[in-house]
Amino acid sequence: MFPKKPPMGFNTWNTFGENISDAMIRETADAMVEKGLLKAGYEYLVIDDCWSRRQRDPVTDKIVPDEKKFPHGMKAVSDYVHGKGLKFGMYSCAGVRTCADYPGSFDHEFLDAETFAEYGADFLKYDYCYKPDYVNGVNLYRRISMALENCGRDILLSACNWGCDDVHDWIRSTGAGMYRSTGDINDSFVSFRDIFLSQIENAKYSGPGCFNDIDMLTVGMRNRGNVASTGCTDLEYRTEFALWCMFGAPLMLGCDVREIDGDMLQLVTNPYLLRINQDEACRPLFVANKDWNSLRYVFARVLTDGEIALAFTNLTDDDAELWFALDALGLPVSAKKGLRRTDAFTGEDAGVVKEDMRVSVKAHGCAVYLAKVVDA
Ligand code: GAL
């Protein structure tokens with residue numbers, strides 16, 4: 001499947017880990033609709049690891065759902081999810097076991113792709129644990145992609161090899177629709193900061209058809225659940241979400257969406273930030289200015305219709321003024337042009353600047369603007 005824009009949805013792993021169930025998935029599907037998440041674009045509901053029995057069925061060799069967690073089987077869950085207007089995602093692994101030690105799809109790729117098609121899956125996250133040493137990892141993503149392309153259903157392949165083997169060089173050629181480029185996120189500022197910083201150079205390896213996936217969001221987790229760590233402040237969650245949007249990353253929510261409300265719900269449905277993320281040109285961001293210590297950045301991104309997104313990102317522990325010269329965008333002083341800006345967090349007109357732009361940004365904060373070129 002060839003996604004034209006960064007896929008958006010929810011994944012069970014960050015909050016629920018192995019504590020997944022039929023009821024929890026149905027409640028999540030309800031919440032995604034009732035809270036306006038589906039309407040905002042979050043369409044995939046993905047069940048991550050730990051959904052199956054520990055062993056394949058001895059007769060059919062198929063992976064079988066754990067009947068304690070999913071007593072009505074997976075098709076019933078998928079039907080419910082589809083009935084809500086959402087798309088349904090499943091999880092497996094290129095190795096012999098999944099990362100949490102359930103059956104993997106190694107040498108069962110075509111059988112498992114058929115099983116996922118029977119469930120009505122629209123998305124498959126495909127992990128990389130327990131890969132036999134003698135097997136070439138690239139080939140395993142080719143196999144599952146081939147199996148999915150020929151299973152009779154349109155299923156988006158979400159590769160997850162954590163950035164190993166220079167994945168960005170070859171993953172698009174396999175047919176995958178997105179690919180994880182980093183290790184696992186946890187609910188902390190340091191975790192999302194380092195993941196993001198590690199991929200700035202690789203923003204160019206992302207675009208329609210195959211998106212660089214910098215992992216599921218921890219926004220709104222409030223340090224509860226499977227990947228809890230130090231937790232984040234609301235300001236830090238705003239920075240995380242803004243950066244994922246600026247990057248054009250897939251937006252997979254990892255918090256308990258049954259409980260998301262108020263500021264966090266507003267944040268993840270912010271129409272300006274989502275417009276940046278979902279811009280159809282999917283151009284990479286670039287650095288318009290960078291501080292000497294490398295942790296203060298102004299990122300820019302050229303959007304369609306002459307719009308420019310700007311993110312003043314202060315990843316240091318001190319408040320600071322960040323700036324860049326408009327020339328860095330291709331607006332030299334001689335052009336006599338300025339930028340009219342809209343604050344992406346408030347939707348307010350932030351006026352016109354020329355020559356350079358300066359913004360005070362709190363420690364760990366991020367200010368985001370949508371800008372248009374005007375005569376000045
Ligand atoms: C990891 C993967 C996580 C999650 C986990 C499940 O390899 O990066 O996102 O899927 O496995 O065990």
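Please read all numbers here as calculations on a predicted model, not as lab measurements. Start at 1 and go down the list; that is how both ligands and their atoms are numbered.
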State whether a side-chain donor-acceptor pair under 3.5 Å links [X] with [Y].
| X | Y | answer |
| --- | --- | --- |
| Thr98 | Asp49 | yes |
| Glu348 | Thr342 | no |
| Tyr141 | Asn136 | no |
| Asn277 | Tyr272 | no |

(message) Using the ring centroid of each side chain, check whether Trp162 and Tyr128 are separated by less than 6.0 Å.
(response)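 Distance test on ring centres: under 6.0 Å, yes.
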Heavy-atom nearest neighbour in the protein, as seen from [atom], with distance rounded to 0.1 Å:
| atom | answer |
| --- | --- |
| atom 9 (O) of ligand 1 | Lys125 NZ, 2.7 Å |
| atom 4 (C) of ligand 1 | Asp48 OD1, 3.5 Å |
| atom 3 (C) of ligand 1 | Asp184 OD2, 3.5 Å |

(message) Polar contacts were defined as any N/O atom of the residue lying under 3.5 Å from an N/O atom of the ligand; does this apply to Trp13 and ligand 1?
(response)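 So ligand 1 has no N or O lying under 3.5 Å from an N or O of Trp13.
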(message) Can you confirm, on distance only, whether ligand 1 has an N/O atom lying under 3.5 Å from any N/O atom belonging to Asp215?
(response)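 No, no N or O pair falls under 3.5 Å.
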Numbering as shown, the atoms of ligand 1 that approach [X] to under 4.0 Å (heavy-atom distance):
| X | result |
| --- | --- |
| Cys160 | 2 (C), 8 (O) |
| Cys99 | 1 (C), 7 (O), 11 (O), 12 (O) |
| Tyr91 | 6 (C), 10 (O), 12 (O) |
| Trp162 | 1 (C), 2 (C), 7 (O), 8 (O) |

(message) Less than 4.0 Å is my threshold; does some heavy atom of Tyr128 fall inside it relative to ligand 1?
(response)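 The answer is no, since Tyr128 has no heavy atom less than 4.0 Å from ligand 1.
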(message) Do the side chains of Lys68 and Asp66 get close enough for a salt bridge, i.e. N-O under 4.0 angstrom?
(response)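 Looking at Lys68 and Asp66, the cut-off is not met.
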(request) Using a strict cut-off of less than 4.0 Å between a Lys/Arg side-chain nitrogen and an Asp/Glu carboxylate oxygen, indicate whether Arg275 and Asp279 qualify as a salt bridge. (result)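 Salt bridge between Arg275 and Asp279, a charged N being under 4.0 Å from a carboxylate O: no.
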(message) Applying side chain to side chain donor-acceptor pair (under 3.5 Å) to Asn202 and Asn212, what does each step give before you reach the verdict?
(response) CA-CA 8 Å; Asn202 290 339; Asn212 183 336; over 6 Å; no
(request) Would you mind telling me if ligand 1 is within reach of the side chain of Cys50, the backbone, both or neither, using heavy atoms under 4.0 Å? (result)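 Contact part for Cys50 vs ligand 1: neither.
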(request) Determine, considering heavy atoms only, which of Asp127, Asn161, Val227, Asp49 sits nearest to atom 1 (C) of ligand 1. (result)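 Answer by nearest heavy atom: Asp127.
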